[in-house]
Number of protein chains: 2
Amino acid sequence: MPDAETGTTTGATTGAATDAERLPLRERKKLRTRQALIDTALERFTEHGFDGTTLDELCDAVDVSKRTFFRNFTSKEDVAMAPTQDFWTAFVDGLETRAPDSPTLLEMLQDTLLETLERMPADGWARRVLLSRRLAEKTPSMDAHGLHFCDRTTRAALAVLHRRFDLGGAADLRARLALDVLIAAFHRALDIWTARPGTPTRAALAADLRTAFAAVPGSLTLTVTPRKAG
Amino acid sequence: MPDAETGTTTGATTGAATDAERLPLRERKKLRTRQALIDTALERFTEHGFDGTTLDELCDAVDVSKRTFFRNFTSKEDVAMAPTQDFWTAFVDGLETRAPDSPTLLEMLQDTLLETLERMPADGWARRVLLSRRLAEKTPSMDAHGLHFCDRTTRAALAVLHRRFDLGGAADLRARLALDVLIAAFHRALDIWTARPGTPTRAALAADLRTAFAAVPGSLTLTVTPRKAG
DNA sequence: ACAGTTATGCCACTGAGTGGCATAAGTTCA
DNA sequence: TGAACTTATGCCACTCAGTGGCATAACTGT
């Protein structure tokens, strides 16, 4: 079993830094196998491809039964997308506690996202997300799974927003569209960040995020001219 | 085999109304079984649920071998999402021929989308999309598949745009974000349209689309105030 | 009618995902 | 410390989506 003393697995709750410390032994073990499955999966998927790795192989490597795998993850895709999903879960968590300090909703969402990023485990999280994203680019079913999780999370975020704040009612599309815009920008930032060579860092991702956020207003007003005729 | 003289299946090319007429017999047959598979799939999935219907059952009902099914569709999800996918394909097609008449890119995209909608078959297309969407709302794997196809199509659309028009280079995120915004609005419109009672029409969808488009600018400037404290 | 092309059917096979049940490991309380 | 309880795990058998190979039937043009 590979080293599994890496990052927090369940989305960092409101609590402090390391939340996996003072848990009952049983819970800690569960967390450890979960993390081992994630790390080993990313490793083997990267090396032999997603389709080139069977669940039986993965489970053998981590020394767990397939049944146990499916108690931790809903599908083969799920285990590989776990790092990103933890992030989204943490984001919704952040929305839960955030004060409406920014003038516009979109800015508040962007700030929350950047703050959530800073709160992700510093050690190996960035690398795991990178592997996960590069894998997803090659693996349609993984990408689809990620997109769907993202969509579900968006609904959850919207529910939190509507519960906490006064945003023109549930029929008003603007809040939802603001979330959609946020996520679009996030995905563009991820694309760019994923293509960067060298060691991935949260700081670099934060920078790419700011760039993407900055491009948002211009996307609504961008004008179009034919290629040849100036 | 159910009636299959319904709509065009491959995304309506640049040609006129009915393009499935003057094709070789073999092609027509292929089109017909394809359409039969789609219609029967939507029917049975709606009645017995997506997971409650096996491919063997479906293939038996249409009287085709499972092997043939997979020559027409890439997966079980694929057949159920075909109506929407035809639409996206037609949209990219529309981008290919459109003149840059609108001031901003986003408006051009919106116009193209509305125009594409008008060009979809009038008879049963709306109903098929409705069934497909209602199914997708209940079936995670279908929704995921649709989201992924949408994402792929977006890349194709972006490629067309960059080839035909001068939009600040490939590194400029604005064009891609404009597409993302368009798609977000489209999905919101679909959500609302899908929830409407009664017979679905293209006109109603067009109206919901316009509503969603209208909400876009406000989504960037929407302000946020806590619930209780006025 | 004949030869060339291509869709189809059939069959066997891999691998993801599920349900049931016995068991082992962790937990609680006396 | 050990009994009683709770819960995660392992094992087994099973369904079903999806694939590859090959023979055959259906369309095509001459």
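In this text the structure is predicted, and so the values were computed from the model without any measurement.
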Check your understanding: Any idea which of D:dG18, D:dG10, C:dG17 is nearest the A:Ser65 side chain?
Key -> D:dG10
**Study point:** Candidates C:dT8, C:dA25, D:dA17 - which lies nearest the side chain of A:Arg26
**Key:** C:dA25
Review point. To the nearest Å, how far apart are B:Glu27 CD and D:dT28 C1'?
Key: 11 Å
Check your understanding: In whole Å, what is the span from the CZ atom of B:Phe69 to the C1' atom of D:dG18?
Key -> 10 Å
Review point. Whole Å only: how far is the CG atom of A:Asp56 from the C1' atom of D:dC12?
Key: 13 Å
Practice item. Taking only the side-chain heavy atoms of B:Thr54 (C-beta and beyond), determine which of D:dA17, C:dG15, C:dG17 contains the nearest atom. Key: D:dA17
Practice item. Measure centre to centre between the rings of A:Phe91 and A:Phe87, then say whether the value is under 6.0 Å. Key: no
**Study point:** Atom pair distance, as rounded to whole Å: CZ in B:Arg34 and P in C:dT8
**Key:** 12 Å
Review point. Is A:Glu96 salt-bridged to A:Arg163, going by a charged N under 4.0 Å from an acidic O?
Key: yes
**Study point:** Stacked cation flag B:Lys138 on B:Phe50, 6.0 angstrom / 45 deg
**Key:** no
**Study point:** A:Phe69 vs A:Val64, side-chain contact (heavy atoms from CB on, under 4.5 Å): CA-CA, chis, key distance, verdict
**Key:** CA-CA 7 Å; A:Phe69 174 90; A:Val64 204; over 6 Å; no
Review point. Is there a donor and acceptor pair closer than 3.5 Å between the side chain of A:Arg28 and the base of C:dG26?
Key: no
Study note, to complete from the structure: By nearest-nucleotide position on DNA chain D, the 5'-leaning member of A:Lys30 and B:Lys66 is A:Lys30
**Study point:** Phosphate OP1/OP2 of C:dG26: any A:Lys29 side-chain N/O under 4.0 Å
**Key:** yes
**Study point:** Distance test, side-chain N/O of B:Thr68 to OP1/OP2 of C:dG9, below 4.0 Å
**Key:** yes
Exercise for review: Write down the distance between CZ (B:Phe70) and P (C:dG9), rounded to a whole number of angstrom.
Suggested key: 14 Å
Exercise for review: Give the rounded distance in Å between these two atoms: NZ of B:Lys76 and P of D:dT19.
Suggested key: 15 Å
Practice item. State yes or no: are the ring centers of A:Trp193 and A:Phe186 separated by less than 6.0 Å? Key: no
Check your understanding: What is the distance from CG of B:Asn72 to C1' of D:dG18, rounded to the nearest Å?
Key -> 15 Å
Point to revise | A:Arg67, nearest nucleotide to its side chain (from D:dG21, C:dA16, D:dC12) | key: D:dC12
Point to revise | Rounded distance (Å) that lies between atom C1' of D:dC11 and atom CZ of A:Arg71 | key: 11 Å
Check your understanding: Of the nucleotides C:dG9, C:dT27, D:dT19, which has the atom closest to the B:Val64 side chain?
Key -> C:dG9
Practice item. Would you classify A:Thr53 as touching base, sugar-phosphate or nothing, given that sugar-phosphate means primed atoms plus P, OP1 and OP2, and contacts are heavy atoms under 4.0 Å? Key: sugar-phosphate
